[in-house]
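All remarks here apply to the structure that follows.
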Amino acid sequence: MTQTDYIRRTGEIEHYFDRTALDAWKRLTGDQPVSGIRATVRKGREEMRNTLAGWLPQDLTGWRILDAGCGGGVLSLELMERGADVVGIDLSAQMVAFARQRAEERRAANPGAPGSVRFESGDLLDARLGRFDAVVSMDVLIHYAAGDATRVLEQLAERTSRRLIFTLAPGSWLLRAMLATGSLFPRRDRSPAIHPVNPGRVVERLVARPEMAGWSAGRMHRVAVGFYISQAMEVTRP
């Protein structure tokens with residue numbers, strides 16, 4: 001993945017979430033009623049979010065965590081309330097503003113909550129974000145081809161001491177069929193392309209890289225609910 005390719009891809013994602021689908025994603029990540037396909041996506045995302053959060057200790061006091069691609073901030077806020085100091089980063093400035101509003105409401109309702117959270121708009125690979133005990137990234141790397149996702153994970157690992165927890169799009173026939181159906185919609189209505197991969201192979205190749213010495217493959221879990229299909233993966237080191 002060249003820097004030019006990465007900038008182009010992140011630009012496409014930012015444009016989609018900031019200008020094309022902001023209201024739809026606010027509804028999807030909020031508690032307003034939704035119907036049809038969006039209901040299955042919301043249910044699948046909730047199960048996946050619970051999976052990723054469940055792979056971290058219940059007491060996160062002393063942990064510094066990067067929520068890479070935080071969106072509306074739901075996962076960030078849960079980890080904060082378990083004691084973590086969380087940095088939520090997202091390409092979409094509009095979604096970050098929405099997450100900050102949520103955080104203010106949550107603090108007002110529970111002013112004694114442990115931990116802290118800070119939401120920023122920008123690049124998840126920005127070294128100025130500092131070092132972390134863990135990185136969680138839900139449904140972000142699904143928009144990158146296998147080799148590019150591997151290189152993003154490798155760069156995140158350089159600033160992470162304990163765990164990388166992330167999702168990939170599994171290369172199942174069902175997902176490929178749904179993606180083919182989605183390609184029939186007008187281009188302005190489509191989300192950024194999803195790249196189905198072999199998640200196990202991505203992790204196997206990742207931990208085999210010399211730069212990943214000490215890291216090893218951890219748990220995996222696939223969530224398939226209606227139109228939502230994603231696979232959680234974990235890479236850890238002592």
Side-chain angles (χ1 to χ4, degrees), residues 29-31 42-90 95-96 98-120 122 124-141 152-168 199 203 206-207 212-223 225 228 230-238:
T29 62
D31 53 11
R42 176 185 280 179
K43 183 177 180 181
R45 283 178 57 83
E46 181 177 359
E47 181 179 338
M48 180 57 77
R49 189 167 55 248
N50 290 339
T51 296
L52 302 186
W55 285 358
L56 289 165
Q58 184 59 37
D59 183 357
L60 289 168
T61 303
W63 285 62
R64 190 166 191 261
I65 298 177
L66 178 67
D67 184 359
C70 63
V74 178
L75 179 57
S76 293
L77 293 173
E78 178 179 342
L79 299 179
M80 174 202 69
E81 291 180 342
R82 286 160 54 181
D85 295 321
V86 183
V87 176
I89 185 82
D90 200 277
M95 288 302 290
V96 165
F98 184 45
R100 288 172 177 162
Q101 178 185 338
R102 267 197 176 136
E104 291 175 3
E105 294 170 352
R106 189 74 69 91
R107 289 192 188 100
N110 187 11
S116 67
V117 66
R118 184 178 92 244
F119 291 110
E120 301 286 347
L124 60 85
L125 293 179
D126 189 342
R128 291 174 296 182
L129 296 172
R131 297 191 60 81
F132 298 91
D133 296 285
V135 173
V136 292
S137 185
M138 177 172 156
D139 295 345
V140 173
L141 298 176
V152 169
L153 289 165
E154 183 183 322
Q155 291 182 59
L156 287 172
E158 292 175 358
R159 296 184 287 116
T160 307
S161 60
R162 303 191 196 187
R163 301 187 194 180
L164 299 175
I165 299 173
F166 52 93
T167 63
L168 298 169
V203 167
L206 175 68
V207 298
M212 295 293 291
W215 289 89
S216 60
R219 292 165 283 192
M220 64 177 68
H221 177 71
R222 183 172 299 189
V223 175
V225 180
Y228 181 88
S230 191
Q231 185 151 328
M233 306 296 292
E234 178 186 48
V235 178
T236 68
R237 66 177 173 185

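Values reported hereafter were calculated over all heavy atoms of this structure, with side chains retained and with hydrogens, waters and symmetry mates removed. Values in this document were obtained by computation on a predicted structure and should not be read as measured data.
Residues S216 and T236 have side chains in contact (heavy-atom distance under 4.5 Å, counting atoms from C-beta outward). Looking at V140 and V152, their side chains never come closer than 4.5 Å, going by heavy atoms from C-beta outward. For the pair R45/V223, no side-chain contact is recorded, criterion being any heavy-atom separation below 4.5 Å from C-beta on. Within the 4.5 Å cutoff, side-chain heavy atoms of I165 are placed close to those of L56. The closest side-chain heavy-atom distance from L77 to M80 is below 4.5 Å. Within the 4.5 Å cutoff, the side chain of R219 has no heavy atoms near those of the H221 side chain. For the pair R100 and E120, the minimum side-chain heavy-atom distance is below 4.5 Å.
For the pair F119 and A99, the tightest heavy-atom approach, listed with the atom from each and the gap, is CE1-O, 3.5 Å.
At distances below 3.5 Å, at least one donor-acceptor pair connects side-chain atoms of R102 with backbone N or O atoms of G72. With hydrogens and angles ignored, the 3.5 Å screen pairs a side-chain donor or acceptor of T167 with a backbone N or O of D139. Between the side chain of N110 and the backbone N or O of R106 there is no donor-acceptor pair closer than 3.5 Å.
Separating the CH2 atom in W215 from the CZ atom in R237 is a distance of 5.0 Å, to the nearest 0.5 Å. Note that CG of D133 is 9.5 Å distant from CG of L60, once rounded to the nearest 0.5 Å. Rounding to the nearest 0.5 Å places CG of L168 at 7.0 Å from CG of L153.
A salt bridge does not link R64 to D85: none of the charged nitrogens lies less than 4.0 Å from a carboxylate oxygen. Using a 4.0 Å cut-off between a side-chain N of Lys or Arg and a carboxylate O of Asp or Glu, R49 and E78 do not qualify as a salt bridge.
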- Item | Evaluation steps, side-chain contact (heavy atoms from CB on, under 4.5 Å), between D126 and I89 | CA-CA 10 Å; D126 189 342; I89 185 82; over 6 Å; no

- Message: side-chain contact (heavy atoms from CB on, under 4.5 Å) for L66 and L129? Distances and angles first, verdict last.
- Response: CA-CA 9 Å; L66 178 67; L129 296 172; 4.1 Å; yes

